[in-house]
Number of protein chains: 2
Amino acid sequence: MSPPLPRDPIADAQRNWESHGWSDVAAPMAAITAIMRTQQILLARIEGALKPFGLTFARYELLALLSFARSGALPMNKASALLQVHPTSVTNAVDRLQTAGLVVRSPHPTDGRTTLIELTAEGRTLAKRATAVLNAEVFGQSGFGENDVNQLIRILGDFRRGAGDFTD
Amino acid sequence: MSPPLPRDPIADAQRNWESHGWSDVAAPMAAITAIMRTQQILLARIEGALKPFGLTFARYELLALLSFARSGALPMNKASALLQVHPTSVTNAVDRLQTAGLVVRSPHPTDGRTTLIELTAEGRTLAKRATAVLNAEVFGQSGFGENDVNQLIRILGDFRRGAGDFTD
DNA sequence: TCCAAACCGTTGGATGTCCTAGTATATTGC
DNA sequence: GCAATATACTAGGACATCCAACGGTTTGGA
């Protein structure tokens, strides 16, 4: 990794915004930029932890989702909705997981338009092992304090609800 | 946009983690997943606001960075470090910005290895206009409460410092 | 009943990110 | 002074995401 910068570039950006007369939006700008950067850091950690399994985060998420489905199978559109990604992203992930023998596609029993994604035994095993590693290496060492974790869950939950992700 | 889900999928995932005996990492998992999703939502908003300008977020960030540099020019490696992205990503962005006439590459006066990226007059104008729209449509309507914005800045700042982004 | 509208998944294209490797230029050390 | 090492940028490839468009299936209103 590159050496740390001597200054926080996002704090600098916030100061730049303020000195240009955009003080009213400088703080949200900094918060949003920080979210972008944090996501990048976390994604890199996750991908690193999953690499030994030949998985990417997108594929892992799909495997994990399937492993929590009672039947171990879900329609593609359902997976797309729950993972909140474009249907074509699911198609892409399923293609690769299927090639790797971790899932199979099967026709929906009553709706000819729908395709079910089903976990194979291998897929289920790999999901378990990958989850164990992610828990140990990423989620268990996030670097967030316990209080901050709860703050994040609350703040981002409010945001996502407000953005129309879900109602409850 | 797709209709809201009846339940928060991340809260469901957290419950799944807890019911599988991973209670100790369920909350960080939920927080991290929420950051991923939030980033996706924000990025979509930003890209939507920038689309009329023919800009993407990656290209906008570079333009904005250059516009705050006193001379309006920066070495590529400096831009890469400040934006915290891979050098090849900067090469990619500069290629497209240069094609669009928004920046130009010029040789470094003393170091033959280094290339300077310089804002053109058009680039400077477009950066200004794009920033105004981003401020009005995205940062000014983030959906985060003022208190939450400050919490995010503090929490994510701590995280980024801990991850080695910067020291101060 | 039957055809138009809605829905589902896939294909093809554009963009961005990273990694690895390669070329050119600087710097260091003997 | 010259070879070895380090640094800067770029080329090519793998992946993921989105959008637009297409063909097959289902549904619903005339």
Side-chain angles (χ1 to χ4, degrees), chain A residues 1-3 36-37 39-48 50-51 53-63 74-81 83-100 103-117, chain B residues 1-3 36-37 39-51 53-63 74-100 103-117:
Chain A
M1 63 203 84
S2 20
M36 298 293 182
R37 173 59 185 156
Q39 186 267 354
Q40 184 185 24
I41 294 169
L42 290 170
L43 181 60
R45 287 188 192 172
I46 292 171
E47 300 275 10
L50 292 175
K51 190 157 202 129
F53 299 100
L55 291 175
T56 62
F57 187 44
R59 297 178 214 169
Y60 167 77
E61 278 194 296
L62 185 50
L63 278 190
L74 279 178
M76 308 232 355
N77 64 335
K78 192 92 178 173
S80 169
L83 296 176
Q84 318 209 240
V85 295
H86 201 276
T88 54
S89 298
V90 177
T91 295
N92 185 318
V94 171
D95 284 349
R96 297 173 193 280
L97 289 171
Q98 189 162 33
T99 298
V103 306
V104 290
R105 271 182 247 242
S106 61
H108 189 285
T110 66
D111 189 332
R113 296 169 299 184
T114 300
T115 301
L116 293 176
I117 326 166
Chain B
M1 62 202 87
S2 21
M36 298 292 181
R37 173 58 185 153
Q39 187 267 352
Q40 185 184 25
I41 294 169
L42 290 170
L43 182 59
R45 287 187 190 174
I46 292 171
E47 299 276 8
L50 292 176
K51 191 157 202 137
F53 299 100
L55 290 176
T56 62
F57 187 44
R59 297 179 213 169
Y60 168 76
E61 278 194 296
L62 185 50
L63 278 191
L74 279 178
M76 306 223 11
N77 65 334
K78 192 92 178 173
S80 170
L82 291 174
L83 296 176
Q84 319 210 239
V85 295
H86 200 277
T88 54
S89 297
V90 176
T91 295
N92 185 321
V94 171
D95 283 350
R96 298 172 194 280
L97 288 172
Q98 189 162 33
T99 299
V103 306
V104 291
R105 270 182 247 242
S106 61
H108 189 285
T110 67
D111 189 332
R113 297 168 299 181
T114 300
T115 300
L116 293 177
I117 327 165

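The sequence lines fix the lettering, A, B, ..., with proteins before strands; numbering per chain opens at 1.
Following rounding to the nearest Å, Arg37(A) (CZ) and dT17(C) (P) show an atom-to-atom distance of 12 Å. Rounded to an integer number of Å, the gap from Arg96(B) CZ to dG13(C) P is 16 Å. One interatomic measurement links the two molecules: CD of Gln40(B) to P of dG16(C), which rounds to 17 Å at whole-angstrom precision. Between the CZ atom of Phe57(B) and the P atom of dA14(C) there is a distance of 24 Å, given to the nearest Å. In this structure, NE2 of His86(B) is placed 5 Å from P of dC19(C), rounded to the nearest angstrom. Remark: P of dC8(C) and NZ of Lys78(A) are 11 Å apart, rounded to the nearest angstrom. Protein atom CG of Leu83(B) is 13 Å distant from nucleotide atom C1' of dT17(C), rounded to whole Å. Here the C1' atom of nucleotide dC8(C) and the CD1 atom of Ile117(A) are 12 Å apart, to the nearest Å.
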- [ ] For the pair Arg37(A) and Ile41(A), evaluate side-chain contact (heavy atoms from CB on, under 4.5 Å) and give the outcome as yes or no after the intermediate values.
- [x] CA-CA 6 Å; Arg37(A) 173 59 185 156; Ile41(A) 294 169; 3.6 Å; yes
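Pairing each heavy atom of Leu50(A) with each of Tyr60(A), the nearest pair is CD1-CB, 3.6 Å. Nearest heavy-atom pair, Pro107(A) versus Leu116(A), reported as atom, atom and distance to 0.1 Å: O-CD1, 4.1 Å.
Contact annotation: the side chain of Ile46(B) approaches that of Met36(A) to within less than 4.5 Å [non-hydrogen atoms, C-beta and beyond]. A heavy-atom distance below 4.5 Å is found between the side chains of Val90(B) and Ile117(B). The side-chain heavy atoms of Thr114(B) and Met76(B), taken from C-beta on, include no pair separated by under 4.5 Å.
Of the candidate nucleotides dT10(C), dC18(C), dT15(C), dT10(C) has the atom nearest to the side chain of Thr88(A).
Taking for each of Leu116(B) and Pro87(A) the nucleotide of DNA chain D with the nearest heavy atom, the 5'-most of the two is the partner of Leu116(B).
Within the nucleic acid shown, Asn92(A) comes within 4.0 Å of at least one base atom, counting heavy atoms only. Residue-level contact check: Glu47(A) touches neither bases nor backbone, having no heavy atom under 4.0 Å from any strand.
Of the residues in residues 103-115 of chain A, those lying under 4.0 Å from DNA chain D by heavy-atom distance are Thr110(A), Asp111(A), Gly112(A), Arg113(A).
Of the possible donor and acceptor atoms, none in the side chain of Gln84(A) sits under 3.5 Å from a partner among the backbone N and O of Gln40(B). In terms of modelled atom types and a separation under 3.5 Å, the side chain of Ser80(A) and the main chain of Val85(A) share a donor-acceptor contact.
The span of DNA chain D lying next to chain A, judged by atoms under 4.0 Å from heavy atoms, is bounded 5' to 3' by dC15(D) to dT26(D).
Every pair tested for salt bridge (charged side-chain N to carboxylate O under 4.0 Å, His left out) that includes a residue from residues 74-84 of chain B fails, sequence neighbours excluded, so the list is empty.
One finds a side-chain N or O of Thr56(B) lying less than 4.0 angstrom from the OP1 or OP2 phosphate oxygen of dG16(C).
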